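Have a look at the structure below before the remarks.
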Amino acid sequence: METMEKLFQSNFKKGAYPFYESLRQHDPIFLMSQQQNQSSWIITKYDHVKELLKTQSFIKDQSKLFSTSPHDTPQDEMTTIFQNMMLDVDPPDHTRLRKLVQPYFNPKTIKNLQPRIEDIADLLIMEINNKKGKIDLINDFAFPLPIIVISELLGVPAEDRNKFRRWSNTIIAASDNMATDFVEDVQAFTNYLTRLFEERREEPQDDLISNLLQAEEEGEQLNRTELYSMIVLLIIAGHETTVNLIANTMYALFEHPRQMERLQEDFSLTENAIEEGLRYYSPVDFSTARWAEDDMEFHGKHIRRGDLVLASISSANRDECKFEQADEFDITRKDFQHVAFGFGIHFCLGAPLARLEGKVALEKLLSAFPEIRLDEQRQEPNWRAVFLLRGLENLYVNID
Ligand code: HEM
């Protein structure tokens, strides 16, 4: 099981792409771990990943596969929150939950947010300009931008963003079994939401939380637990990933100065650069878990009922059977059919928002700081040791 341990080591992300390539060539349906009753698999080829994410034979709700459902036994708060997220349920619950929030994330609705996103970016750039010390593109820009946007959309006070950052880091680390104090943090997060819900019930606003509260009160559409799960999901998914999109794409541009020049010469390539950033350093490395509903053959491997199957999104997006010169970062690429936002019914709800935030971020940063470059005095940036995601710990830059 040496290879499996490797996947969880802190320096794994750095050498991950050659490792994925060798899996695609020699062992594309990779047995990550095997226990008596359950095996865990990683799917690495583009076509297989799409098939996995689309097929109904792999389900999200693991409890359906057990005779005594985990729903019948006492659960900690965190498990309950996760089990009721739309990301972790199957139709018809998934369809019902997604329908409730979909209108807020349609491309047309999101487009209306552009002026506000630009204002927030301008404000952050002003603060960077006023800053004397070193600039960390993550702390000073890539993190605050999406968290302020999603907070405003939901109707949670943006000034509490550092709390969300802490709680969401804890929850993500807990999904890697690395968090120590997650019980306290999850409790703090739900207490915070309880207070906020009370405030919004008394004085509804024109925001997503007030509307979901109304839906909860009217029954039928979502219950109390689902309401908490929805908000936690939207806060976490709404910023953790977009931070990585902005910072990873900037990092790829720093690593490829010719591509940076091309973009600076022609900002009409920005949307393309964002798509290439999504493909090249995919912010979400692995899909969330799916479970085999029955025994089956999957491209030559025998997968048993209850086995855990993960799609390696990063690997699929570098599959040379799909993308020409897959390991090259090329912002003029035309063959964009990456799976950075997933595929099938759980395709990312926030994709239009993430794309818009990415585009605004790049345009604003590169116009304000045409000389922006990596701070050479710092060590090479480190990838965060988070299994599911690909994101940098810090990205120190010089701007003049
Ligand atoms: C689902 C990636 C930004 C909300 C997903 C999935 C991926 C993904 C890969 C599917 C996971 C799976 O099938 O296991 C990304 C990336 C983003 C991003 C790369 C940024 C670059 C956002 C934003 C939101 C969001 C800004 C804001 C609300 C969601 C939700 C789901 C989801 C709610 C679950 C959808 C469902 O189950 O139907 N995302 N995401 N994401 N994402 Fe995103």
Side-chain angles (χ1 to χ4, degrees), residues 1-60 62 65 82 87-88 172-173 175-178 241 244 278-323 326-327 338-344 346-348 383-391:
M1 283 301 99
E2 201 188 301
T3 349
M4 184 192 158
E5 280 160 20
K6 190 172 161 178
L7 286 171
F8 287 90
Q9 276 167 9
S10 62
N11 60 0
F12 167 69
K13 299 276 165 182
K14 198 166 171 231
Y17 287 110
F19 172 63
Y20 294 148
E21 188 185 351
S22 91
L23 286 184
R24 283 195 305 274
Q25 281 180 14
H26 306 294
D27 194 8
I29 318 278
F30 169 60
L31 181 60
M32 180 169 71
S33 76
Q34 190 167 29
Q35 281 152 5
Q36 213 175 13
N37 296 322
Q38 192 192 49
S39 302
S40 304
W41 305 85
I42 292 188
I43 310 296
T44 56
K45 282 177 83 72
Y46 180 89
D47 288 343
H48 297 172
V49 161
K50 271 189 141 173
E51 191 181 329
L52 162 73
L53 296 180
K54 205 174 78 177
T55 174
Q56 305 290 315
S57 323
F58 295 103
I59 59 170
K60 302 285 318 192
Q62 188 191 16
L65 301 170
F82 268 111
L87 184 57
D88 283 329
I172 286 176
S175 65
D176 278 10
N177 293 323
M178 278 167 48
T241 47
N244 298 342
L278 283 160
R279 186 194 71 83
Y280 187 80
Y281 279 148
S282 303
V284 173
D285 227 346
F286 291 95
S287 71
T288 51
R290 273 134 180 106
W291 312 91
E293 201 172 17
D294 290 299
D295 287 4
M296 67 175 90
E297 291 298 315
F298 192 76
H299 298 280
K301 291 284 167 98
H302 183 65
I303 295 186
R304 290 173 305 170
R305 176 183 157 86
D307 279 2
L308 165 71
V309 190
L310 291 177
S312 169
I313 287 175
S314 298
S315 172
N317 283 341
R318 296 279 193 110
D319 187 343
E320 33 308 276
C321 298
K322 173 68 190 170
F323 302 101
D327 282 329
H338 61 70
V339 283
F341 290 119
F343 190 67
H346 293 280
F347 180 84
C348 179
W383 296 106
R384 284 169 68 194
V386 179
F387 179 68
L388 280 182
L389 304 177
R390 173 172 286 275

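From a predicted model like this one, the values you see are computed outputs, not experimental measurements.
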(request) Give the minimum heavy-atom separation between L65 and R305, together with the two atoms involved. (result) O-NH2, 3.1 Å
(message) Tell me whether N317 contacts the main-chain N or O of V339 through its side chain, where contact means a donor paired with an acceptor under 3.5 Å.
(response) yes
(message) On a heavy-atom basis, which atom in H302 and which in E297 lie closest, and how many Å separate them?
(response) ND1-OE2, 3.1 Å
(request) List the steps and the verdict of side-chain contact (heavy atoms from CB on, under 4.5 Å) for I43 and E51. (result) CA-CA 10 Å; I43 310 296; E51 191 181 329; over 6 Å; no
(message) Tell me every residue that passes salt bridge (Lys or Arg N to Asp or Glu O under 4.0 Å) with D327, counting only those two or more places apart in sequence or in another chain.
(response) R318
(request) Without swapping roles, check the side chain of R384 against the backbone of L389 for a donor-acceptor pair under 3.5 Å. (result) no
(request) Kindly compute the distance separating OG1 (T55) from NE2 (H48), expressed to the nearest 0.5 Å. (result) 13.0 Å
(request) Measure across G391 and N244 and return the closest heavy-atom pair with its distance rounded to 0.1 Å. (result) CA-OD1, 3.3 Å
(message) Over 60° means perpendicular and under 30° means parallel, so tell me whether F30 and F19 are parallel, tilted or perpendicular.
(response) perpendicular
(message) Once you measure the plane-to-plane angle for F286 and F387, does it fall in the parallel (<30°), tilted (30-60°) or perpendicular (>60°) bin?
(response) parallel
(request) Mind checking the OH-OH spacing from Y281 to Y17? Nearest 0.5 Å is all I need. (result) 7.0 Å
(request) Check salt bridge (Lys or Arg N to Asp or Glu O under 4.0 Å) between D27 and all other residues, then give those that pass, not counting sequence neighbours. (result) K301
(message) On a heavy-atom basis, which atom in A289 and which in L308 lie closest, and how many Å separate them?
(response) CB-CD1, 3.2 Å
(message) Among residues at least two apart in sequence or on other chains, which ones pass salt bridge (Lys or Arg N to Asp or Glu O under 4.0 Å) with K60?
(response) D88
(request) Nearest 0.5 Å please: distance from the CH2 atom of W383 over to the NZ atom of K14. (result) 11.5 Å
(request) Mind listing the closest non-hydrogen atom pair of L31 and S39 along with its distance? (result) CD1-CB, 3.6 Å
(request) For R290, check salt bridge (Lys or Arg N to Asp or Glu O under 4.0 Å) against everything at least two apart and list the hits. (result) none
(request) Indicate yes or no: at least one non-hydrogen side-chain atom of P28 is less than 4.5 angstrom from one of H299. (result) no
(request) Hey, could you give me the OG/CG distance between S314 and D319, rounded to the nearest 0.5 Å? (result) 12.5 Å
(request) Search all heavy atoms of S312 against all heavy atoms of I42 and return the closest pair with its distance. (result) CB-CG2, 4.0 Å
(request) Find the distance between CH2 (W41) and OG (S33) and round it off to the nearest 0.5 Å. (result) 10.0 Å
(request) Please identify each residue that fulfils side-chain contact (heavy atoms from CB on, under 4.5 Å) with A311, with sequence neighbours left out. (result) V49, L52, L53, S287
(message) Going by the rule ring-ring contact (aromatic ring centres under 6.0 Å, His included), which residues pair with H338 if we only count those two or more places apart in sequence or in a different chain?
(response) none
(message) Students often mix this up, so state it plainly: with edges at 30° and 60°, are the rings of F12 and Y20 parallel, tilted or perpendicular?
(response) perpendicular
(message) So, taking the atom named CZ in R24 and the one named CD in E320, what distance separates them when rounded to the nearest 0.5 Å?
(response) 4.5 Å
